[in-house]
**Q** 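I'd like to ask you about the structure that follows.
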Amino acid sequence: MLKFDIQKSFTHKQTGQTSELHFKAQVNLSGVCAIFGDSGAGKTTLLRCLVGLEPCTGAIQFSNKTWLSTDSKQLLPTEKRRIGVVFQEPRLFPHLNVQQNLQLAVNKAGHTGFSIEQLADKLGFSELLSHQTTQLSGGQKQRVAIARALLTDPQLLVMDEPLSSLDQGSKQLLLPFIKAISQQIPILYITHSEQELFYLSRHMLLVNDGKIEASGEPQQLFLNSDLSLIKFAHQGLILNVSVKGYDQSEGLIKGCLELQTLYVSAESQPDSEQIQVKINSRDVIVALQPIVGSSLLNCLSVTVEEVHMDAQKAVILTLQLGEQYMYAYITLRSFNKLQLAVGSHVYAHVKTMSIVN
Amino acid sequence: MFSEGDLQAIWLTLKLASVTTILLMLFAPPLAWWLARSQAKIRPLVESLVALPLILPPTVLGFYLLIAFSPNHFLGRWWLSFNEHSLAFSFSGLVIASVVYSLPFVVQPLQSAFVHLDKRYLEVSATLGYGKYERLYKIIFPMLLPSFIIAGALGFAHTIGEFGVVLMIGGNIPGETQVLSIQLFDHVESLQYSEAHQLSFMLLAFSVSWLVLIYGFLQKRQQRILNA
């Protein structure tokens, strides 16, 4: 259990205004806990306070250890907290080659659950061990930085948008790796990518305006219209679908969504009976009758629950199917033409969707 | 090739430069670190005092040191309380003077390296488990090694070229205070031009190759590391 209640105040040099950050939450240490929020919300500051790189007041408790307690004047320095940190940028030491950079972590930590060779192999940089770090690409450097953090024998791994500046190939290699690692070491993971959030984590802290606005399961928070998340949610929601079968030849899952049939493309048969799919609100076509003679696979019978106009004069429809909801993003013109209103019964055609777990 | 007197002067100069450099390398790094990082109000004053020998005529510095070395003043009195001979006109006096005189040449390259050192490397070191001091000598020192060598090399070379201060406080005692530059001056005064040529050329060749090493190799290497 990681428990914290910390404050930090900033004085802006130019305006002289002070702003107050106050983070308070409890996190169970298993798997990945995502820290999600807009840029400037204070995610990185929160992480730096937890690691001990940023002075703050209050209390931080990790398992039964006190990392910080302003009341009892206790402060455990960063080097004693045993946190593996992966920063946004790799921060490898420029005077050492790859092997020496990693060795620096091993020298201090002694025996760890990982070896340099093993990690280099898994992360695909075995042939780079003798290279100077300046010869490496951004993706290669970040892989080395992840290995270095793991070699410190951490009891907690902290990652600050580690994939944000990487190419798609590196991301596809690293995401499953990070997920697998989280079975051994709990991870705090800053991101503002929904894809990473839903893929990696079962728990999230929503950071907004210098506070922890909410914590809980990502799916639940995304459905809560009281939270600042709603602007993300309007882009698309996650739906729970039960798996009824898989057609190998067509690569399609036949699923059931609130008693209606839904087909989802998948490379292989899903492991679980339940999958979660994300339907982007711009991929939903709303029609008064089912569209026939088209390539569209999925047609869902839904009711308009809520109508919301956004700043760009587009309309976001909240569509209800049984217990679940989805959003459709349509133009004002379409909205007027179809004469939609709350309570209208329409057909939602879904062009594409993605499985998030 | 060199006369016995010349060899003695060369030996004495090397000894003086070595002792001075070792002393400077002990306390210049913490001082440079403080100058690079401190927000204290007194910092600009300390920085100015350190830089003073760069612009002060060496004779002025030598004059004040000579006064300080005299038994009428604290330093000289304190020294005489456990030494038979005065600091003035002694090798020890030369060492003290050289340390003051060469201080900026050692502090400034170090200070510049510490200023350009990205604070993020210190943070990473902490997350790797290295404590406050351990990270300095296990990670930062190797990283800035070229700057440390430059600082030592400049301090050493500058001490070798010292003249005015030595003349004021050291005089011209063979084997004790008669360093190369003084010996050279002697040769010129007594119109021994070929001896003067030999010593001058040696000092010139040394200085040029020393500086080429510093600016052509070490400095480039350090910049590559700091700009990475």
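By convention in this document, chain letters (A, B, ...) are assigned in the order of the sequence lines, proteins followed by strands, and residues within each chain are numbered from 1. Remember, predicted model here, so these are calculated numbers, not experimental data.
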**Q** Can you establish whether the number of heavy atoms outside A:F10 located under 6.0 Å from its atom CZ is more than 12?
**A** yes
**Q** If contact means a heavy atom pair closer than 4.5 Å, which residues of residues 18-56 of chain B contact chain A?
**A**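 The residues closer than 4.5 Å to chain A amount to none at all.
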**Q** Quick check: are there more than 12 heavy atoms from other residues, nucleotides or ligands sitting under 6.0 Å from CZ of B:R221?
**A** no
**Q** Taking side chain as everything from C-beta outward and backbone as N, CA, C, O, which of these in A:R81 sits under 4.5 Å from a heavy atom of chain B? Side chain, backbone, both or neither.
**A** neither
**Q** Write out, in numerical order, the residues from residues 120-132 of chain B with a heavy atom short of 4.5 Å from a heavy atom in chain A.
**A**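 Hits under 4.5 Å: B:R120, B:Y121, B:E123, B:V124, B:S125, B:A126, B:T127, B:L128, B:G129, B:Y130, B:G131, B:K132.
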**Q** Within a 6.0 Å radius of atom OH on B:Y215, are there more than 12 heavy atoms belonging to other residues, nucleotides or ligands?
**A**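 No, OH of B:Y215 has 12 or fewer neighbouring heavy atoms, counting only those of other groups under 6.0 Å.
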**Q** With chain B as the partner chain, list the residues of residues 90-105 of chain A whose heavy atoms fall under 4.5 Å from it, by residue number, and write 'none' if nothing qualifies.
**A**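 Near chain B, by residue number: A:R91, A:L92, A:F93, A:P94, A:H95, A:L104, A:A105.
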**Q** Tell me, yes or no, whether the heavy-atom count around B:H116 atom NE2, taken from other residues, nucleotides or ligands under 6.0 Å, exceeds 12.
**A**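 Count not over threshold, so no.
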**Q** With side chains defined as the heavy atoms from C-beta onward, is the minimum distance between A:K108 and B:E134 less than 4.5 Å?
**A** yes
**Q** For A:T78, which atoms come within 4.5 Å of any heavy atom of chain B: side chain, backbone, both, or neither?
**A** both
**Q** Tabulate, in ascending numerical order, the residues of residues 135-145 of chain B having at least one heavy atom closer than 4.5 Å to a heavy atom of chain A, or enter 'none'.
**A** B:R135, B:I139, B:P142, B:M143
